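All of these numbers come straight from a predicted model, not from anything done at the bench. Order of appearance sets the numbers: ligands from 1, and atoms from 1 within every ligand.
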Amino acid sequence: MPEERRKVTLRTLFSKMHEGLPITMLTCYDYPTAYFMERARIDVLLVGDSLGMTVLGYDSTLPVTMDIMIAHAQAVRRGSPSAWLIGDMPYMSYQPSVETAIRNAGRFMAEASCDAIKLEGGAGVADRVAGVANMGIPVMGHLGLTPQSASALGGFRVQGRSAAQARKIVDDAKALEDAGVFSILLEMVPDRVCELITERSSVPIIGLGSGPHAHGQLLIFHDMFGLYPKFTPRMARVYGDAGQIILDGIKQYVEDVTAQDFPQRENWFTMRDEAFEELKVLLE
Ligand code: KIV
């Protein structure tokens, strides 16, 4: 069993921010990975709708539903009882109305024991953020590259390189803060824009591909371990090639079964002679 630790709370996150200690955050989608993340004492886990791409193999996050998200969030919570767990609101689970947003945010809390939810967008979703936050559900904002709007943003690319675009992101961050977010994720914005927003923010800023100045860092788990076959984004650091280990193991298994080298005696179960004799009589 992992060594127990105290539950990560909002207090923990704000203390780290005020003490200048970086907040650690990863995406997580299943029980065994969550178990290891708990052992590694990660602060924050995001059950991201990126699972549509990393786990389910879609080309975008758009097909992901609330029911899919809830099942994965439940598994992650079972593996990691003490991380601060954020459920990512999938496409159209909050866009239609404030009420839709509150209902779906509530599902993450009630059905998957999440601590918070995340949703994408700036001033345009400030009323959803306020609606959910006012119901006592902590909300993380998400600016910069927001994958649910990839089509409108011109693809999965850096956002905020021009002064005008950067100004919009800075303004959006302020709008989210005013609406009551507990934290903001900045995905793929230039380091200087991230620094500027971090300096002005009263809530923790978490960066993904946005440089070193944020209060914390997020990576997508599959990018860290060679588990997303289509590509590894530049913003990721690769910590190991689990994909290669898995591929080698599967190839070896295919070879072993074909060569009748598997299973061996220690891999199967047998029954006592008397029971087997009795079975044969029963079958006569
Ligand atoms: O779904 C997700 O994992 C995310 C990250 C890309 C930030 O939203």
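When the shell of 6.0 Å around CG of N267 is examined, it contains more than 12 heavy atoms from other residues, nucleotides or ligands.
Protein heavy atom in closest approach to atom 7 (C) of ligand 1: L185 CD2, 3.1 Å. Annotation: atom 6 (C) of ligand 1 to nearest protein heavy atom, E187 OE1, 3.5 Å. Atom 8 (O) of ligand 1 has K118 NZ, 2.9 Å as its closest protein atom, hydrogens excluded (heavy atom only). Of the protein's non-hydrogen atoms, L46 CD2, 3.8 Å is the one closest to atom 4 (C) of ligand 1.
Remark: distances from the non-hydrogen atoms of E120 to ligand 1 are all 4.0 Å or more.
Contacts between L51 and ligand 1 below 4.0 angstrom, taking non-hydrogen atoms only, are absent altogether. With a 4.0 Å heavy-atom cut-off, ligand 1 is reached by the side chain of T27 but not by its N, CA, C or O. With a heavy-atom cut-off of 4.0 Å, T61 does not touch ligand 1 at all.
Interface of I220 with ligand 1, defined as ligand atoms under 4.0 Å from a residue heavy atom, comprises 6 (C). Proximity to L208 (heavy-atom distance under 4.0 Å) selects the following atoms of ligand 1: 6 (C), 7 (C). Distances below 4.0 Å separate heavy atoms of L218 from the following atoms of ligand 1: 7 (C). Residue contact check: H142 has heavy atoms under 4.0 Å from atoms 7 (C), 8 (O) of ligand 1. In summary, the atoms of ligand 1 found under 4.0 Å from a heavy atom of G48, numbered by their order in the structure, are 1 (O), 2 (C), 3 (O).
In this structure, S183 contributes its side chain and V203 its backbone to no donor-acceptor pair below 3.5 Å. Checking side-chain atoms of Q264 against main-chain N and O of D261 turns up a donor-acceptor pair under 3.5 Å.
Considering backbone and side-chain atoms alike, S50 places an N or O below 3.5 Å from some N or O of ligand 1. At under 3.5 Å, a nitrogen or oxygen of D88, whether backbone or side chain, sits near a nitrogen or oxygen of ligand 1.
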- [ ] Take D172 and R167 through the test salt bridge (Lys or Arg N to Asp or Glu O under 4.0 Å) and record every step on the way to the result.
- [x] CA-CA 8 Å; D172 277 341; R167 167 81 201 265; over 6 Å; no
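Sequence neighbours left out, the pairs with a member in residues 71-110 that pass ring pair (Phe, Tyr, Trp, His ring centres under 6.0 Å) are W84-F182.
Salt-bridge formation is not detected for the pair K174/E177: no Lys NZ or Arg NE/NH1/NH2 atom is positioned less than 4.0 Å from an Asp or Glu carboxylate oxygen. One finds no salt bridge joining K251 and E255 here, because no Lys/Arg side-chain nitrogen approaches an Asp/Glu carboxylate oxygen to under 4.0 Å. The existence of a salt bridge linking R107 and D67 is confirmed by a sub-4.0 Å separation between a basic side-chain nitrogen and an acidic carboxylate oxygen.
Note: F231 and Y228 have perpendicular aromatic rings, judged against thresholds of 30 and 60 degrees for the angle between ring planes.
Side-chain contact between Q148 and Q95 is present, with heavy atoms from C-beta onward closer than 4.5 Å.
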